[in-house]
Amino acid sequence: MAEVDASARRRAEYSTDASLYRLPPEVVAFPRDPDEVVAVVAACLELGVPLTARGAGTSIAGNAVGPGVVMDLSRHLRRVLALDPEAATATVQPGAVLDDLQAVARPHGLRFGPDPSTHSRCTLGGMVGNNACGSRALAYGRTADNVLELDVVDGTGRRLRAGPGGVGQVPGLEAVVRANLAPIRTQFGRFGRQISGYSLEHLLPERGGDLARALVGSEGTLAVVLEATVRLVQAPAATVLAVLGYPDMAAAADAVGAVLPERPVACEGIDARIIDVVRRRGRAVPELPKGAGWLLVELGGATPAEAEAAAGRLVAAAGGDALASRVLTDPAQAAAIWRIREDGAGFGGRSPAGAPAWAGWEDAAVPPERLGAYLREFEALLADHGLGGIPYGHFGDGCVHVRIDFPFDRPEGRAVYRSFVEQAAVLVAGHGGSMSGEHGDGRARSELLPRMYDPAAIGAMAAVKAVFDPRDLLNTGVLVRPRPFDADLRRTMVRPVTARLGFGYADDGGDLTSAVHRCTGIGRCVADNTAAGGVMCPSWLATRDEKDTTRGRSRVLQEAVNGTLVRGLASPEVHEALDLCLACKGCASDCPTGVDMATYKAEVLYQTYRGRLRPAAHYSLGWLPRWAAVAARAPRLANRLLTTPALAGLGRRLGGVDPRRPLPTLATRTLRGWWRRRPPPAPGPSGGRRVLLWPDTFTNHFAPGAGQAAVRVLEDAGHRVELPDRPLCCGLTWISTGQLDVARRVLRRTVDRLAALVEGGMPLVGLEPSCLAVLRHDALELLGADDPAAAAVARAASTLAEVLGATPGWRPPELGGLAVVAQPHCHQHAVLGWDADRDLLARAGCQVTAVGGCCGLAGNFGAERGHYDVSVAVAEFALLPAVRAAGPDAVVLADGFSCRTQLDHLAGRRALHLAELLAGAAAGRR
Ligand SMILES: Cc1cc2nc3c(=O)[nH]c(=O)nc-3n(C[C@H](O)[C@H](O)[C@H](O)COP(=O)(O)OP(=O)(O)OC[C@H]3O[C@@H](n4cnc5c(N)ncnc54)[C@H](O)[C@@H]3O)c2cc1C
């Protein structure tokens with residue numbers, strides 16, 4: 001029998017998808033093969049328990065949540081089973097991820113046509129469930145247009161191979177079709193994005209009675225897919241992106257009619273307000289032509305020249321109405337824009353007024369020629385209700401995405417939601433549109449189907465449901481016999497948590513509940529983000545368990561702050577969920593919703609252990625700066641003790657450190673000790689700019705060589721280097737172990753002193769990225785965003801590369817062609833950014849491979865008992881393979897002390913800090 005889990009933590013993880021709804025299942029099942037899926041269906045039938053199939057759970061309308069059993073098919077049934085390049089077909093298991101199928105198809109010049117923005121994690125089973133579309137459905141059709149055959153088990157427990165001509169295979173189905181020919185012929189399949197309701201048109205005799213296509217879009221209410229055979233399409237060899245700017249989104253929509261005759265692969269609309277959010281988050285945005293709303297039009301060709309010529313024709317034909325246009329031929333720039341577009345739902349998670357914005361009315365579609373008119377009336381409807389939202393979407397197909405700031409935090413929120421959605425449904429139906437243009441109906445729109453289908457059509461759908469699932473067990477409450485769309489709402493802000501918090505949560509109104517509800521379930525954390533240089537979520541990459549995703553953790557936290565499944569932040573469920581969080585901060589930058597799990601983890605540890613006995617590692621690793629300062633009085637003796645096996649073993653046991661981890665060796669002379677005894681530097685050029693080099697605990701006690709190298713490099717660049725007059729720690733280890741009162745005291749002292757030193761604009765250079773990130777970000781959260789000293793220090797805090805890059809006349813040493821494998825520290829990736837380092841290395845002529853992901857040690861995480869295996873698995877995901885592939889001659893660059901320690905321990909490679917690389921090269925030059 002399939003693996004099942006009925007624990008409160010697991011039920012919390014699966015209590016919602018990317019929608020507004022909260023419906024904790026009783027049990028979550030993880031079948032390992034098709035027979036186990038059939039067995040789960042049989043068990044549900046026997047017990048009369050509802051069953052919801054689930055892929056990646058990225059549905060936005062509550063399609064993938066349900067009472068009873070939720071069956072996660074993405075865990076074990078993930079394989080692409082076969083690909084036939086001649087026939088251009090592929091056979092996949094239901095949990096196969098779209099990007100994995102694309103990766104297998106790409107070498108043959110093939111691809112699966114439809115591409116939802118969630119392509120990095122959405123499953124083929126889920127795409128079949130929702131009849132998923134995406135940007136390129138414009139050229140290649142919807143999922144229904146690309147499915148050839150489905151192996152399914154239906155709600156009677158019957159196993160079927162569904163394909164063309166399959167209607168006669170199912171007793172009673174042909175009779176239903178015959179009895180409902182008129183409504184099926186007149187009301188179904190009217191336009192491409194009519195996703196709402198079943199696609200009964202495929203059952204018509206003149207359409208070949210295609211059972212597979214008819215099952216697509218049935219949202220798991222008729223059958224569960226066990227295997228799918230799909231059609232692949234030829235991908236154009238070259239594409240370019242034409243960007244056309246308009247005064248607003250409605251004007252952009254009006255122009256779609258002129259674009260479509262040029263047969264684009266994709267034609268998307270994007271609003272300037274989304275671009276503003278992206279810029280505010282510090283992400284680079286390629287230059288866009290003038291406008292407040294843009295059409296992004298992708299054109300294909302057999303060669304780049306052919307694609308460019310197509311773009312030229314488009315601009316000539318359709319550009320007349322535009323304010324300006326730009327053709328992007330650089331694939332990297334086009335990819336950056338597509339990435340912004342794909343993250344639209346995350347970036348649109350706040351309304352123009354900054355209020356949380358919700359799914360609910362998310363993907364309605366109208367025939368494209370009605371789009372401009374619809375958008376204008378839609379904006380007026382929003383204004384009538386005092387609501388805001390930023391529309392964008394698949395304009396070429398007439399499909400509009402928007403998140404709306406329904407006031408769910410106020411008593412009238414639910415009534416406003418109902419009133420708005422009912423009127424929006426009338427508006428869409430009036431334009432001949434569909435309530436859903438690609439996400440499916442789920443719990444959000446099934447109740448609205450009578451607005452676009454008459455009673456005969458609704459009756460036909462109910463009759464089909466009765467044939468496949470007479471006991472109404474499959475995805476109960478969706479499509480047929482729907483739950484009200486305002487039932488089971490996730491009460492996102494019902495109980496604010498504002499008192500006695502460790503952090504300020506300035507961007508969430510000081511409320512932890514709002515902070516943890518930032519996660520809307522879009523699922524960027526259940527994907528491999530490392531290839532694109534991202535970090536999130538290393539623990540999931542290692543375990544592939546929902547428990548270890550940013551999303552799963554958020555769900556458990558949401559239940560802890562205002563649900564009923566989990567009792568409080570100190571509960572075992574919350575601690576289990578957070579145990580494998582590396583506190584890498586990857587989510588803080590990679591998740592478009594701005595979740596910061598490292599902060600929430602520190603808060604949970606703070607709330608749980610305040611005034612109580614803590615885990616041993618909190619005293620050993622959490623207090624490391626103090627132990628290091630004591631040991632530094634006799635470093636040789638300390639090192640001897642730490643390397644004596646019996647003593648080291650005892651120390652590890654008492655300190656909660658994994659027995660396989662070597663203990664770090666103290667430098668025999670700290671950076672500060674070296675600085676004090678160093679002969680005064682030769683007088684540099686007059687007017688050299690003063691720079692404060694800050695010896696963080698790790699550089700000072702464990703890696704003074706990096707500090708000495710930095711002094712040399714900065715002086716060579718003409719700076720006058722100064723060090724603070726006393727040891728100053730940022731409190732990082734107390735933050736990551738949730739000892740926030742100590743961290744605040746330590747930081748207060750440090751920040752006040754540093755603020756006095758940098759007064760007058762002196763830059764502060766930090767060498768350990770995680771410590772520098774505390775000064776730039778966490779200090780403001782702990783001491784208050786309005787704390788003038790913290791703000792001054794945050795402004796001054798700079799990486800070495802940033803200061804060197806801004807030094808007039810400074811040139812990096814010539815390292816022509818040197819192969820460098822660089823591991824940007826995860827806190828640097830999330831808080832400080834690595835662009836200045838990338839530029840510097842490029843200017844030096846290095847051949848850089850920048851590794852995405854985390855090193856796996858992540859400060860205290862990988863050293864703590866119980867984390868070793870995951871720590872190694874994380875390192876094995878990207879970093880170690882990259883280092884091995886680069887060979888022994890490549891320089892391995894890692895500014896983080898943790899990253900260097902991990903590389904030393906697991907790969908036997910001594911990695912360099914950037915300062916060491918530059919100083920070494922300069923010494924060679926001298
Ligand atoms: C940020 C964001 C952007 C999105 N962009 C797009 C987009 O551009 N285009 C688009 O079409 N959609 C989009 N979606 C919606 C969603 O991602 C897609 O519909 C996706 O294909 C769902 O796949 P999934 O694996 O997450 O399925 P799930 O959400 O897990 O399930 C989807 C439905 O299919 C059913 N189901 C799952 N597996 C099976 C199975 N084996 N057999 C039968 N039924 C099954 C479920 O019960 C559910 O009803 C977006 C969602 C988000 C959060």
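These numbers come from the heavy atoms of this one structure, side chains and all, not from hydrogens, waters or symmetry mates. Heads up: numbering here begins at 1 and tracks the sequence. Counting starts at 1 for both ligands and their atoms, following the listed order.
Polar contact with ligand 1: present for Glu438 (N/O pair, distance under 3.5 Å). At least one N or O atom of Asn130 sits closer than 3.5 Å to an N or O atom of ligand 1. Ligand 1 has no N or O atom lying under 3.5 Å from any N or O atom of Asn131, backbone or side chain. Considering backbone and side-chain atoms alike, Asn63 places an N or O below 3.5 Å from some N or O of ligand 1. Some N or O of Gly55 is nearer than 3.5 Å to an N or O of ligand 1, by distance alone. In terms of polar-atom proximity, defined here as any N/O pair under 3.5 Å, Ala53 does make such a contact with ligand 1. For a threshold of 3.5 Å applied to N or O pairs, the pair formed by His401 and ligand 1 contains no separation below that value. Residue contacts with ligand 1: Asp115 is placed with no nitrogen or oxygen under 3.5 Å of a nitrogen or oxygen of the ligand (distance criterion only). At under 3.5 Å, a nitrogen or oxygen of Ala56, whether backbone or side chain, sits near a nitrogen or oxygen of ligand 1.
Using a 4.0 Å cut-off between charged side-chain N and carboxylate O, Glu447 and Arg483 make no salt bridge. Taking the charged nitrogens against the carboxylate oxygens, Arg75 and Glu3 do have a contact shorter than 4.0 Å, which makes a salt bridge. Using a 4.0 Å cut-off between a side-chain N of Lys or Arg and a carboxylate O of Asp or Glu, Asp472 and Arg481 qualify as a salt bridge. Electrostatic pairing of Glu438 and Arg193 counts as a salt bridge here, judged by a charged N lying under 4.0 Å from a carboxylate O. Taking the charged nitrogens against the carboxylate oxygens, Glu227 and Arg79 have no contact shorter than 4.0 Å, which rules out a salt bridge. One finds a salt bridge joining Arg445 and Asp363 here, because a Lys/Arg side-chain nitrogen approaches an Asp/Glu carboxylate oxygen to under 4.0 Å. Between Asp545 and Arg10 there is a salt bridge, with a side-chain nitrogen of the basic residue lying less than 4.0 Å from a carboxylate oxygen of the acidic one. A salt bridge links Arg142 to Asp145: one of the charged nitrogens lies within less than 4.0 Å of a carboxylate oxygen. Checked for salt-bridge contact, Glu342 and Arg339 miss the test: no charged N lies under 4.0 Å from a carboxylate O.
Checking Cys133, Ala96, Pro116 against atom 11 (O) of ligand 1, the nearest heavy atom belongs to Cys133. Summarising the contacts of atom 16 (C) of ligand 1 with Thr52, Thr520, Thr58, Val70, the nearest heavy atom is found in Thr58. Summarising the contacts of atom 40 (C) of ligand 1 with Val225, Val153, Thr593, the nearest heavy atom is found in Val225. Taking only non-hydrogen atoms, the option from Gly95, Ser117, Gly66 nearest to atom 3 (C) of ligand 1 is Ser117.
Taking every heavy atom of Glu219 and a limit of under 4.0 angstrom, the matching atoms of ligand 1 come to 47 (O), 49 (O). Heavy-atom contacts of Ile60 reach the following atoms of ligand 1: 50 (C), 51 (C), 52 (C), 53 (C) (cutoff under 4.0 Å). Set against the non-hydrogen atoms of Asn475, the atoms of ligand 1 under 4.0 Å away are 47 (O), 49 (O). Close contacts of ligand 1 with Ala64, meaning ligand atoms under 4.0 Å from a residue heavy atom, involve 28 (P), 29 (O), 30 (O), 31 (O). Atoms of ligand 1 found under 4.0 Å from any heavy atom of Leu73, numbered from 1 in the order shown, are 40 (C), 41 (N). Every atom of ligand 1 with a heavy atom of Ala132 under 4.0 Å away is listed here by number and element: 11 (O), 19 (O), 21 (O). Ligand 1 places these atoms under 4.0 Å from at least one heavy atom of Pro94: 41 (N). Near Val224, the atoms of ligand 1 lying under 4.0 angstrom from a non-hydrogen atom of the residue are 42 (N), 43 (C).
For Arg471, the CZ atom sits in a packed shell: over 12 heavy atoms of surrounding residues, nucleotides or ligands are nearer than 6.0 Å.
Contact annotation: for Val152 versus ligand 1, there are no heavy atoms closer than 4.0 Å. Contacts with ligand 1 closer than 4.0 Å are made by heavy atoms of both the backbone and the side chain of Arg54. Residue contacts with ligand 1, taken as heavy atom pairs separated by less than 4.0 Å, involve Ser59 via backbone and side-chain atoms alike. When non-hydrogen atoms are compared, ligand 1 lies under 4.0 Å from the backbone of Ala223 (N, CA, C, O) but not from its side chain.
The closest approach between Arg524 and ligand 1 stays at or above 4.0 Å for every heavy atom of the residue. Using a 4.0 Å heavy-atom cutoff, Gly440 is absent from the residues neighbouring ligand 1.
Sorted by first and then second residue, the salt bridge (Lys or Arg N to Asp or Glu O under 4.0 Å) pairs involving residues 115-127 (not counting sequence neighbours) are Arg111-Asp115, Asp115-Arg136.
Within the 4.5 Å cutoff, no side-chain heavy atoms of Pro114 are placed close to those of Cys133.
The shortest heavy-atom contact between Ala137 and Asp397 is C-OD2, 4.1 Å. Pro482 approaches Ser446 most closely through the heavy-atom pair CB-CB, 3.5 Å.
For the side chain to side chain donor-acceptor pair (under 3.5 Å) test, no residue two or more places apart in sequence or in another chain qualifies with Asp35.
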Begin from the C-alpha positions of Asp441 and Val478 and carry the test side-chain contact (heavy atoms from CB on, under 4.5 Å) through to its verdict.
-> CA-CA 7 Å; Asp441 296 314; Val478 169; 5.5 Å; no
